[in-house]
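Chain identifiers are assigned alphabetically (A, B, ...) following the order of the sequence lines, protein sequences preceding nucleic acid strands; residue numbering begins at 1 within each chain.
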Amino acid sequence: MTTQREITVTPDGVSPEQFMQALTRFESVVGPDNVLIGEDRLTPYRKTMMPVADEDYAMSAVLQPTSAEQVQEIVRICNDFGVPVWPTSTGRNFGYGTYAQGSAQGHRHQVVIDFRHMNRILEVDAELGTALLEPGVTYQQLVDYLEENDIPLWVSCPAPSAIASPVGNTLDRGVGYTPYGEHFMMQCGMEVVLPNGDLLRTAMGGVEGSNSWQVFKWGYGPYLDGIFTQSNYGIVTKMGLWLMPKPPAYKPFYIRFRDDDDIAEIVDMMRPLRMANIIPNAVVFAHALWEAPAVIPRSKYYDGPGAMPQADIERMKEAEGFGAWNVYAALYGTPEQIEVNWKIVTDAVRALGKGEIFTQEDMAGTEPFEYRAALMRGGMNLQEFGLYRWRGGGGSMWFAPVTVAKGSETLKQTRMAMEILNRWGFDYCGEYIVGMRDMHHVIDLLFDKTDPEDTRNAHACMTELIQTFRQHGYAVYRTNNAFMEQVADCYGPVQRQVNQTLKRALDPNGIIAPGKSGITV
Amino acid sequence: MFDPRLIPALALVLAAGGTALADTPRLDAQRMFPSGEIAFQKICARCHTGREDAVGPDLTANDYDPDTIRHFARHGSGPMPAFTESMVDAVTLDQIAAHLASIRKETEE
């Protein structure tokens, strides 16, 4: 049983006595082994990559339920004792500020729910290409399941993803690189434990005996699934996903462009091909300083302070064969369809008059092409972990503004981001991930978290990026826990008020992830 | 070809009109990784096998004892994330350590 001695922190606003009582009740629901307290068991959860003191984001306990019924009981206990809980799919989010709590004072030390033990693959329909998953299922487990059962469906995954969760990534509106790369678009049906303990099944899931929960997204009346993404209105315990039928043929390719300013022409060339579905997947335009970390150490070309000088970047590009911009895309379908579309693509590149195009055969098993080619068919790998070595020191934040798929816009965003990052002493490690009409401009702000000055500068740089981009009408689609308030402000007071009205209606005691996306009671 | 006999969950769902899901097994009722070698390949190898693009030290060449491996797995270090018990359990960590020891022994022989 839990003892007072093992509790290192308690949630803000909850007395140690109340918390001990709540822990005892949690143990009666999920069992003592699934209530994690004490330094030894919580330490692995507490390491963050954000420019903050990790102890400010330390959780007070971790719960590991094994069923939706247990989650319902947990929520009821939380209401009884005013204990806030922060659900996470597999217990960690390395890239986006990890597992922790709302940044504002008053919301610290929440209890984290780690769903890693709720990892049932409940249904895979090979004919319809659907799956119904619990939140603790990882991409690796889903892919292994499909392979072991010889089911010809592809998963769209982020990079790197083996130990990440399809449900968690989709709830955070993450993206992948296949034609199903806009993950929330490929979601269909949810089961949600509401803050009062009720169990909601969205859309067709509400119809008794229905077999169309995973095929028809809308149901009847208001469409609810969206309000349970990037929010704190409920805890998703099941989710339906659409999986892509494996095509008869697949042709990944790479186009290299020499100059930073080529980004404008790349975007304008690729947009019509993407909108017409000639190229159906989430194409990537990766800058040289995104390409390099996946395959070489930074010290190979520059080991000094501040941002990598342009002369060294040029030297690295020349020696390693990187473009300033590196386009990765793929064609899918029958060999005949691919042949037709390949001609359209190569004609477009030829008409542009710049850009060198390479096939998989041309690249002959080299990196980073191979890991990119794998990602575009849902093949997982850990190649991009190299980003975390690039600067050293373990600091990382994703700054990911949305942009319109027009060349003039990307040129403007790229220049703005480079100027701000370089002035603070950081590299522009950026790429664009292409949607139909939008793009995610994803930048990894890498810093040395062991260096207090570098950490302070990283925080200030991120703040300035958000502010400056906002002044130009841009905002990020997702952020880490340390910047949720600032980003929520970018979307205006009315959205914040509506979000709060929903919160007050569904969760009047504010027990689910207060502070998430800047939403509180 | 797809063989529905291999997916008991699917058969159960179809028989019950798509709603009876309770008997589907949890994946962690089985071992998450069948061996230390496979766990090492899927979790550690990208960063710890001495390639030019490695992120951390080469665990197949350096002589780290099991306690050291356990410590860094649970605490992380710099760019290395910390792994929770639910990601990599204690048995798997021991298997990874044993696998690395066997590699080094082979190398020495």
Side-chain angles (χ1 to χ4, degrees), chain A residues 36 40-41 43-47 49 62 64 66 90-92 94 114 116-126 132 134 136-137 140-141 145 148-152 160 162-163 208-214 238 293-297 367 381-383 385-386 388-389 392-394 396 449-450, chain B residues 1-14 16-30 32-34 38-39 41-48 51-56 70-90 93:
Chain A
L36 277 55
D40 281 354
R41 302 192 79 184
T43 291
Y45 289 90
R46 289 178 169 174
K47 183 176 187 292
M49 292 180 163
V62 172
Q64 298 183 132
T66 57
T90 54
R92 300 293 305 271
F94 296 136
D114 175 355
R116 199 60 186 264
H117 294 320
M118 275 182 69
N119 58 11
R120 293 182 302 165
I121 296 173
L122 295 161
E123 181 183 5
V124 173
D125 189 313
L132 181 65
E134 289 188 328
V137 174
Q140 183 73 58
Q141 288 170 325
Y145 183 90
E148 287 164 10
N149 293 287
D150 199 19
I151 300 172
I163 54 178
E208 193 173 341
S210 171
N211 60 4
S212 54
W213 190 22
Q214 268 63 70
K238 293 182 182 64
V295 290
I296 56 170
E367 295 289 4
N381 56 76
L382 293 171
Q383 197 68 24
F385 253 98
Y388 297 141
R389 166 210 50 190
S396 168
K449 194 169 173 174
T450 65
Chain B
M1 287 295 292
F2 166 58
D3 181 352
R5 289 172 302 178
L6 297 172
I7 308 182
L10 175 58
L12 182 67
V13 167
L14 293 174
T19 56
L21 309 168
D23 292 339
T24 306
R26 283 165 47 195
L27 296 175
D28 59 356
Q30 313 149 29
M32 188 176 291
F33 302 100
I38 290 175
Q41 289 303 329
K42 289 194 172 178
I43 300 174
C44 322
R46 164 64 186 82
C47 302
H48 292 293
R51 305 166 5 171
E52 185 189 28
D53 57 357
V55 178
R70 273 192 288 269
H71 175 84
F72 281 103
R74 294 288 180 239
H75 290 77
S77 177
M80 177 179 170
F83 292 89
T84 65
E85 287 177 47
S86 64
M87 287 175 169
V88 185
D89 61 27
L93 273 185

*If you count heavy-atom pairs under 4.5 Å with chain B, which of Ala294(A), Gly392(A), Pro297(A) comes out on top?*
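Among Ala294(A), Gly392(A), Pro297(A), the one with the most close pairs to chain B is Ala294(A).
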
*Between Thr66(A), Asn381(A), Ile296(A), Thr450(A), which shows the greatest number of heavy-atom pairs under 4.5 Å with chain B?*
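Highest number of heavy-atom pairs under 4.5 Å: Thr66(A).
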
*Hey, can you tell me if His71(B) and His75(B) have their rings parallel, tilted or perpendicular (30° and 60° cut-offs)?*
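It falls in the parallel class, under 30°.
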
*asked:* Among residues at least two apart in sequence or on other chains, which ones pass ring pair (Phe, Tyr, Trp, His ring centres under 6.0 Å) with Phe72(B)?
replied: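 With sequence neighbours excluded, Phe72(B) shows a ring pair (Phe, Tyr, Trp, His ring centres under 6.0 Å) to no residue whatsoever.
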
*Would you say the side-chain atoms of Gln64(A) pair up with the backbone N or O of His117(A), donor to acceptor, closer than 3.5 Å?*
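Not at all, since once roles are kept as given, no pair shorter than 3.5 Å links the two residues.
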
_Top of Ala73(B), Ala54(B), Gly76(B) for chain A proximity - count of heavy-atom pairs under 4.5 angstrom_ =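 Looking at each of Ala73(B), Ala54(B), Gly76(B) in turn, Ala54(B) comes out on top.
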
_Using heavy-atom distances under 4.5 Å, tell me whether Gln140(A) contacts chain B through its side chain, its backbone, both, or neither._
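When you check distances to chain B, only side chain atoms of Gln140(A) fall under 4.5 Å.
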
*Could you list the residues that satisfy side chain to side chain donor-acceptor pair (under 3.5 Å) with Gln214(A), not counting sequence neighbours?*
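In terms of side chain to side chain donor-acceptor pair (under 3.5 Å), with neighbours along the sequence ignored, Gln214(A) is linked to no residue.
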
